[in-house]
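In listed order, ligands and their atoms are each counted from 1.
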Amino acid sequence: MTLKINPVLCREGMMDNYAYILQDVSTGVSAVVDASEAAPIVKCLNKLKIKPDYILTTHHHFDHVGGNAELKNLYQLKIIGPAQESLLIPELDIGLNDGDVFTLGESKMRVLSAAGHTKGHILFYFEKDKALFTGDVLFNLSIGAIFEGTETQMLLSLSKICALPDDVLFYPGHEYTSMGLSALSDSVESEKLYKTLALERLSKNKPVPPLTLGLEKQCNPYLRNIAADCHIFSML
Ligand code: ZN
Ligand code: FE
């Protein structure tokens, strides 16, 4: 593992966004994924003694870009986000499209377009580090609302996620785990495991640890059928 990932809870108790501070360990190059608001992110950056080089933005909503201007001013960093939403994202420097590859130091990241929640929403996939940043497309046990795209687009975006390997850890844009917990059954092993992992961390008031896409495909009600279809396709 060459990529260190630190979650930062933002807009706590209101929207419970997650920003993530990433650092490529071998080079020290670092980035903030979805700079929701500046204050908690700056506090965490100071604690970690990190000066970020980039902001990686998944989509244009205010709760994902609210800290862009202030952080750019503080750190003279570059802001990267979906080319399709370039006019809507404050201070955007570099627009990315589906399939583009970006390197954070030595950590390689691929852009996956994932329309539905917004028209230009993108995901950041660090294949080698087994990390996927899902913004407002996929949450623990739920998915993002379809605001700008169509249901078909959202389905395609979720299918893309389901096609990724089971051992990839995913990092959502909000802490919504507790909302989906009550729907989990105690009789299915994977759902029991999910509940235990989530409750253990939520009770300590820490972010739920990143869970694997494999477990999410089994437990997230929105992914279950899609994942089953993907499995059938992969066998054909
Ligand atoms: Zn959003
Ligand atoms: Fe959001």
Worksheet item: Who pairs with Lys51 by salt bridge (charged side-chain N to carboxylate O under 4.0 Å, His left out), at least two apart in sequence or on another chain?
Response: none
Practice prompt. Using atom types as modelled and distance alone, determine if a side-chain donor or acceptor of Asn140 lies under 3.5 Å from a backbone N or O of Thr177.
Written response: no
Worksheet, complete the sentence: Excluding water, the protein N, O or S atoms sitting under 2.8 Å from the Zn ion (ligand 1) are His59 NE2, His61 ND1, His117 NE2, Asp136 OD2
Discussion item. For His121 and His59, take the angle between the two ring planes, folded into 0 to 90°, and tell me which bin it lands in: parallel under 30, tilted 30 to 60, perpendicular over 60.
Written reply: parallel
Worksheet item: Any side-chain heavy atom of Leu181 within less than 4.5 Å of one from Leu141?
Response: yes
Worksheet item: If only atom types and distance count, is the side chain of Thr2 paired as donor or acceptor with the main-chain N or O of Val25 below 3.5 Å?
Response: no
Fill in: Flag, side chain of Lys72 to backbone of Glu91, donor-acceptor distance under 3.5 Å
yes
Worksheet entry | Residues in ring-ring contact (aromatic ring centres under 6.0 Å, His included) contact with Tyr125, at least two apart in sequence or another chain | none
Worksheet item: Counting distance only, does the side-chain N/O of Thr103 pair as donor-acceptor with the main-chain N or O of Glu106 below 3.5 Å?
Response: no
Worksheet entry | Beyond-backbone contact of Leu123 with Leu138, side-chain heavy atoms, under 4.5 angstrom | no
Discussion item. So, with waters excluded, how many protein N/O/S atoms does the Fe ion (ligand 2) have closer than 2.8 Å?
Written reply: 4
